[in-house]
Number of protein chains: 2
Amino acid sequence: MDDSPHYRPLYRQVYDFLVRQIAEGAWRPAEALPSEQALADKLGVSQGTVRKALDVLAVEKLVERRQGKGTYVAEHTQERALFRFFRISEPGGERSFPTSADETARRRPARPVEARKLHLDKGAQVVEISRTRLIDGKPAVLERSVLPVALFPDIDKRRPLPNALYALYQQEFGVNIVSADEELRADAATREDARLLGLQPGAPLLHIERVAIALDGKRVEWRVSRCNTTHLVYAVTLS
Amino acid sequence: MDDSPHYRPLYRQVYDFLVRQIAEGAWRPAEALPSEQALADKLGVSQGTVRKALDVLAVEKLVERRQGKGTYVAEHTQERALFRFFRISEPGGERSFPTSADETARRRPARPVEARKLHLDKGAQVVEISRTRLIDGKPAVLERSVLPVALFPDIDKRRPLPNALYALYQQEFGVNIVSADEELRADAATREDARLLGLQPGAPLLHIERVAIALDGKRVEWRVSRCNTTHLVYAVTLS
DNA sequence: GAGTGGTCTAGACCACGCA
DNA sequence: GCGTGGTCTAGACCACTCT
């Protein structure tokens, strides 16, 4: 019946404590945590136990360890966050830096599909951010992100939006994206797609749907991207 | 000039030793390694050091650890290998078991693009395996795998081929696939695609190119899949 | 109960970054 | 030279599996 563990190892408890602290913003992104020894003394455990907890956090990319310097809260910088979750690149692995155009942001009630994807109550308010992403200056991806207003108050009043939205989520709203479930398929360009991307209607497009997951496990963004893959690819390493 | 580390930690040397042993087949897939203590005694290091090496191997999915039982050489079984690298599923995460049809295998010289992708000499012999993958009994994916004959002698004489090719590579040829670089794009169905998949020519198809990497870092398979994503998706988690 | 991996400790020393 | 994380050891005890 009950297959939950009968106990939680000490290093897991330390891990939980540290996750809570980071989530609450006890240390800001890019800031250093106390040293392993300091944390160990404070928590009344050995350094090795703190170390094990930090190792797990590092694997999950919540912190970054730098030998000789310290342990830092991981930061969603432009470069890093962008290339961690933005998988569009040139064939062969050349990575092009995307820019944005035609940004719009508006607030409205969630549609049923959005409420389902984000586990929201029917009719909850969301913000929809639409933008065209350019690669080498040419329109390549149509991107539509849907966020619960509750988590991102007044994000629709911010203009312009930064290139890397996840850095904004983290720094301004305390929402830390740690993973993203994506589903891809090929679809035909609609007239609207074709107009915005400079294609023929019916041309093949890569359709990507993403649910982004935050530190606390909550689903915080639903994003649909429609990508012209004539000169680009979606690159990913399975392991 | 030389940024290689000035030393290699002991646990890394143990790791290297164990990788070599596994690659050479000192223990067969699904077989248990000696216990941590036994390895430590044999290698003249502490149990903790062996442990750390085994932890790395476990993260890389080269071994599997089972508390109370032992450490086992990871096995590319049907279920596991299939769902580790076969990312096609029904929307929402339902995983359907694929079957195969219309297998053909033939031997020929590598084409330039194949020689480049697999780092082969021009004109090296390869085996091309083509098959149609069915999901729920319906043709869904056209798959073409290209392998260097040198690594897979007489694989073209084996019929029928198993559902999970990577299990065959591992068990019969000692080639252990540990990761795969994939590039995806949308493409239009050719007449041939359309005929085999029951689509209209020009319909959008998901085109997937994969380079599979073995334990020793060598590129051992180039695979092109063309997938009808009308009722299926390519699902992946970024983290 | 015996044997395995999993956790935890305490202490030593090493490699690195910086002042 | 000091403080940080990284490695290594030896030993204890815990949780799990099988006999």
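The figures that follow rest on heavy atoms only: side chains count, while hydrogens, waters and symmetry mates do not. A quick note: this is a predicted structure, and the numbers were derived from the prediction, not measured. Letters A, B, ... are given to chains in the order of the sequence lines, protein chains preceding strands, and every chain is numbered from 1.
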Rounded distance in Å - CZ (B:Arg8) to C1' (D:dC8)
17 Å
Whether the B:Ser145 and B:Arg223 side chains hold a donor-acceptor pair (N or O, under 3.5 Å, no angle test) is what I'd like checked.
yes
Please report, rounded to the nearest Å, how far the C1' atom of C:dC14 is from the CZ atom of B:Arg12.
17 Å
Atom CD of B:Glu31 and atom C1' of C:dT4: how far apart are they, to the nearest Å?
17 Å
Within this structure, what is the CG-to-P distance between B:Leu33 and C:dT4, rounded to whole angstrom?
13 Å
Hey, could you give me each pair passing side-chain hydrogen bond (donor to acceptor under 3.5 Å, both in side chains) that has a residue in residues 53-63 of chain B? Not counting sequence neighbours.
B:Tyr15-B:Glu60, B:Asp55-B:Arg65
For B:Leu168 and B:Arg158, run side-chain contact (heavy atoms from CB on, under 4.5 Å): C-alpha distance rounded to whole Å, both residues' side-chain angles, the deciding distance at 0.1 Å, then the answer.
CA-CA 10 Å; B:Leu168 177 71; B:Arg158 254 173 197 282; 4.0 Å; yes
Going through the distances and angles, do B:Glu103 and B:Arg159 end up as a salt bridge (charged side-chain N to carboxylate O under 4.0 Å, His left out)?
CA-CA 9 Å; B:Glu103 268 173 25; B:Arg159 310 298 291 285; 3.6 Å; yes
B:Lys69 side chain: which of D:dT7, D:dC18, D:dG5 is closest?
D:dC18
B:Leu10 has its side chain closest, among D:dG5, C:dC8, D:dC8, to D:dC8
Could you identify which residues of residues 40-68 of chain B place a heavy atom less than 4.0 Å from some atom of DNA chain C, listed by residue number, or say none?
B:Arg51, B:Arg65, B:Arg66, B:Gln67, B:Gly68
Euclidean distance, atom CG of residue B:Leu39 to atom P of D:dT9 [Å, nearest integer]
14 Å
When you measure from the side chain of B:Arg84 to the backbone N and O of A:Ser239, does any donor-acceptor pair fall under 3.5 Å?
yes
Nucleotide C:dA10, atom C1' - distance to CD of A:Glu36 in whole Å:
15 Å
B:Thr71 side chain: which of D:dT7, C:dG5, D:dG6 is closest?
C:dG5
Donor-acceptor contact below 3.5 Å, side chain A:Gln170 vs main chain A:Ala74
yes
